[in-house]
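Written below as structure tokens is the structure these notes are about.
Numbered from 1 within each chain, the chains take letters A, B, ... in sequence-line order.
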2 protein chains.
Amino acid sequence: MPSSREQFKVLLRTNGLKITNQRIAILEVLSNRPGKHLTAEEIYEYVREEHPEIGLATVYRTILLLSELNLIDKLNLGDGYVRYEISAKRHEENSHHHHHLICLECGNIYAFQDDLLENLEAKIKDTLGFEVMDHEVKLYGHCKKCIDKKSEEI
Amino acid sequence: MPSSREQFKVLLRTNGLKITNQRIAILEVLSNRPGKHLTAEEIYEYVREEHPEIGLATVYRTILLLSELNLIDKLNLGDGYVRYEISAKRHEENSHHHHHLICLECGNIYAFQDDLLENLEAKIKDTLGFEVMDHEVKLYGHCKKCIDKKSEEI
DNA sequence: TTGTGTATTGTTAACCTTTCGCATCAAAAC
DNA sequence: GTTTTGATGCGAAAGGTTAACAATACACAA
């Protein structure tokens, strides 16, 4: 997506930030893998394929930058790694937040859309006066593939 | 709650685990603070008030144990600390899972109950074949106290 | 283009939470 | 009381992430 790359350059420029090959390369690693939840180390490995001279610290610094620009989303599964994916807004028509289904057996992560939280957030605002800005929903369980595999074994 | 302590002893015994002062002390630190979300370091500090000889490793080992026995719940806010609280089942009548409201300004954590996810989980099972076992919902925003404080300043 | 100022980078070390290894200790069983 | 075996405490190590700092390269103006 060359247009996405141009948008990124504009975004950097308008924020007084410099356009560097490293920043473009890192954003592209994530852009080219929508729905993938990459750790910093994985991003580092992918970027090194094209830019072997890049440093791990630059990956971390750029991740932080992209996160602040809302170009990527953070996902913490509590397994010791923080994961990142290109923001849904970048590659989908609607800008709905999506939630995550995490399989306890194979570790795969599935996304699904649902706006059921919007009702809830309105209710919370009314009853508690708490104004929700963002949310994170993680559902843990067993995916269809693993359930099917297990029933075959029996 | 002496009965809770006796229940804990029975639970340890029936699992072939030894009853130690350290384990009881750590559970009590959490039991005495329902709704508080303590880091391992904080638990360590509280336990040391009564048992100065205790080691940090024991705190971590006991936290793991209590977590496996479902006596405490884990909460990861992504701020570099894993937090723990006594399981709602231990001090509330109903055994409903509760969710967390996290204030982005003061950092306070509020709990709320809602079973809206049960419908959703049934829907996910039907449409995707994914069987949800557990869930974690975190809502980030601004709490009433902080909103009020800000409006006073203006 | 070329030069200059400044943000960015790469390297390495430091940080911080959590886990491991192992000798010692104490709870449970005999 | 003795034995057995799991639990503890200490210190070191692990592992992901951040900081320090000199070197580099981008942006901008001449």
Taking OP1 and OP2 of [N], is either one under 4.0 Å from a side-chain nitrogen or oxygen of [X]?
X	N	answer
A:Thr58	C:dG10	yes
B:Thr20	D:dT8	yes
A:Gln22	D:dA25	no

Test: A:Lys149 and A:Glu105 ion pair at under 4.0 Å: no
Categorize [X] for me: base, sugar-phosphate, or nothing, with a 4.0 angstrom heavy-atom threshold over every strand shown.
X	result
A:Arg61	base
A:Gly16	nothing
B:Leu56	base

Interatomic distance, [X] [atom1] vs [N] [atom2] [rounded to whole Å]:
X	N	atom1	atom2	value
A:Ile54	C:dT11	CD1	P	10 Å
B:Glu53	C:dA26	CD	C1'	13 Å
B:Glu41	C:dC15	CD	P	16 Å
A:Tyr44	D:dG15	OH	P	17 Å
A:Arg13	C:dT6	CZ	P	20 Å
A:Leu17	C:dT6	CG	C1'	13 Å
A:Tyr60	C:dA14	OH	P	19 Å
B:Ile26	D:dT8	CD1	C1'	10 Å

Determine, stepwise, if the pair B:His142 / A:Glu131 fulfils side-chain hydrogen bond (donor to acceptor under 3.5 Å, both in side chains). CA-CA 5 Å; B:His142 308 288; A:Glu131 191 171 352; over 6 Å; no
Membership question, hydrophobic clusters at under 4.5 Å side-chain separation (ILVMFWY): are B:Leu65 and B:Val82 in the same one? yes
Could you please name the option among C:dA28, C:dA7, D:dT8 that lies closest to any side-chain atom of A:Lys18? C:dA7
Taking the side chain of B:Tyr81 as its heavy atoms from C-beta onward, which of C:dA28, C:dT17, C:dT8 lies nearest to it? C:dT17
Closest nucleotide of DNA chain D for A:Val82 versus for B:Ala57: which of these residues is on the 5' side? B:Ala57
Student check: side-chain heavy atoms of B:Ile54 and B:Ile26 closer than 4.5 Å: yes
Ring geometry between A:His37 and A:His100 (parallel below 30°, tilted from 30 to 60°, perpendicular above 60°): perpendicular
